Trainee: 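Input: one structure, supplied below.
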Amino acid sequence: MQIRQLGNSGLEVSALGLGCMGMSFGYGPAHDKNEMIHLLRSAYEKGITFFDTAECYGPFLNEELLGEALAPFRDKIVIATKFGFLEGDSKKGLDSRPEWIRKSIEGSLKRLNTDVIDLYYQHRVDPNVPIEEVAGTIKDLIQEGKVKHFGLSEAGAESIRRAHAVQPVTALQSEYSLWWRTPEEEIFPTLEELGIGFVPFSPLGRGFLTAKIDENTQFDSTDFRNTLPRFAPEARKTNQAFVDLLGKMASDRGVTNAQIALAWNLAQKPWIAPIPGTTKLHRLEENLVALDLKLSAEDLAEINEAVSKITIEGSRYPEHLQKIAGK
Ligand SMILES: NC(=O)c1ccc[n+]([C@@H]2O[C@H](COP(=O)([O-])OP(=O)(O)OC[C@H]3O[C@@H](n4cnc5c(N)ncnc54)[C@H](OP(=O)(O)O)[C@@H]3O)[C@@H](O)[C@H]2O)c1
């Protein structure tokens, strides 16, 4: 397994991590627990050492799942989790008050069956709590031995700088893929300057870039993608052009859409470790092949050139969530 360092922190992770959200939350009902335990343990056997969860995935179910599944090799892996929603529930709004963070971590430690969180992210910047207070609370938790590394998610450049001045930030986790490249503009230079690693979430465009979803796909009624403008059936129809183009480049190289999307992501910076999510072992295996797919400078230029000609239809979040997402 290839290993990457997240920025200057010294935190080493498998170059591809595993996004665990969809096992319990977001994309329809929670999957069978024993099957997910098998998947998580297989991921470790295949070399994945970087597992991503959050207290709000479920809420709480996903952390409990990881706590049980990863226990046999807990000291060999990096577990990343997140705080920052009221009572741990993303439907209830933000809460990064220090007293909530302190409560939150106790719950996460218990559910994750561990005495330290390797990477603890603020899930979204809370406009009601100065980021310095959040960073100061994490600094205390690091001193107390409950957290090893501090992370932010979907934070803007100014928040990153302010937080980093109080407690060095190890990683930023934000959406980044062939159909959401905004972080390249302001975020990447900031991370590079400060020596912070980057963990792209939804690197497969929440599944859309893989070509396994089209305008006729029916999501479960509880699937979060039903609420995303970019996934509205009309938008999917338009955005199909993008997936077709990716498909052409993938088939020319004898690989799959998912593999080219991940290889492209990995090729952008050496301090990037994407966390594609899947609930299926055969897809996990397919995704891992991306690590051996080296895109040349010409390949990358061709992809950039081709995708720059296609406009993506639909914003990535509905308006109320767009407000708290990174720009
Ligand atoms: N910080 C944040 O705010 C935030 C937000 C969203 C996500 N995340 C994290 O990032 C992780 C990954 O993001 P994501 O799950 O939203 O999106 P993603 O990784 O872009 O895509 C996941 C979707 O793609 C499908 N998939 C995976 N591999 C595939 C393949 N080879 N072929 C076809 N389909 C494939 C999965 O379905 P199957 O399960 O059926 O394979 C799933 O529906 C999450 O699990 C979560 O840990 C963080």
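Quantities reported herein were computed from a predicted structural model and do not represent experimental measurements. In listed order, ligands and their atoms are each counted from 1.
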Trainee: Could you work out, for atom 3 (O) of ligand 1, the closest of E154, R124, Q173, E286 by heavy-atom distance?
Mentor: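 Looking at heavy atoms only, the winner is R124.
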Trainee: Output the list of atoms in ligand 1 that are nearer than 4.0 Å to some heavy atom of A258, sorted by atom number.
Mentor: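 This gives 30 (C), 31 (N) as the contact atoms.
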Trainee: Return yes when atom NZ of K110 has more than 12 non-hydrogen atoms of other residues, nucleotides or ligands closer than 6.0 Å, and no otherwise.
Mentor: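 Count not over threshold, so no.
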Trainee: Does the separation of the ring centres of Y176 and F188 fall below 6.0 angstrom?
Mentor: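 Ring centres of F188 and Y176 closer than 6.0 Å.
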Trainee: Against heavy atoms of G207, which atoms of ligand 1 measure under 4.0 Å?
Mentor: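 Per the distance check, 20 (O), 21 (O), 23 (C), 24 (O).
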Trainee: Nearest heavy atom to atom 9 (C) of ligand 1 wins, so pick from L172, L262, D52.
Mentor: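 When every heavy atom of L172, L262, D52 is considered, D52 comes closest to atom 9 (C) of ligand 1.
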Trainee: Identify, by atom number and element, the atoms of ligand 1 in contact range of P203, meaning under 4.0 Å from any of its heavy atoms.
Mentor: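 Once the distances to P203 are compared, the set is 19 (O), 20 (O).
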Trainee: If the cut-off is 4.0 Å to any non-hydrogen atom of K212, which atoms of ligand 1 fall inside it?
Mentor: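 Ligand 1 atoms under the 4.0 Å threshold to K212: 33 (C).
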Trainee: So, 4.0 Å and heavy atoms of R225: is ligand 1 close enough to count as a contact?
Mentor: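 A heavy atom of R225 does come that close to ligand 1.
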Trainee: Which of parallel (below 30°), tilted (30 to 60°) and perpendicular (above 60°) describes H123 and Y57?
Mentor: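 H123 vs Y57 ring planes: perpendicular.
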Trainee: What class does the angle between the rings of F231 and F208 fall in, given that below 30° is parallel, 30 to 60° is tilted and above 60° is perpendicular?
Mentor: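 Answer is perpendicular, since the angle exceeds 60°.
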Trainee: Atom 8 (N) of ligand 1: which of F224, Y57, W179 has the nearest heavy atom?
Mentor: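 It is Y57 that holds the nearest heavy atom.
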Trainee: What is the nearest protein non-hydrogen atom to atom 20 (O) of ligand 1, stated with its residue, atom name and distance?
Mentor: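 Answer, as residue, atom name and distance: L204 N, 2.7 Å.
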Trainee: Show me which atoms of ligand 1 lie under 4.0 Å from any heavy atom of K280.
Mentor: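 Every atom of ligand 1 under 4.0 Å from some heavy atom of K280: 38 (P), 40 (O).
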Trainee: Could you pull out, from A54, G277, G19, the option with a heavy atom nearest to atom 19 (O) of ligand 1?
Mentor: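 Heavy atom nearest to atom 19 (O) of ligand 1 belongs to G277.
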Trainee: Hey, could you give me the CG/CD distance between L204 and Q259, rounded to the nearest 0.5 Å?
Mentor: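 Between atom CG of L204 and atom CD of Q259 there are 10.5 Å.
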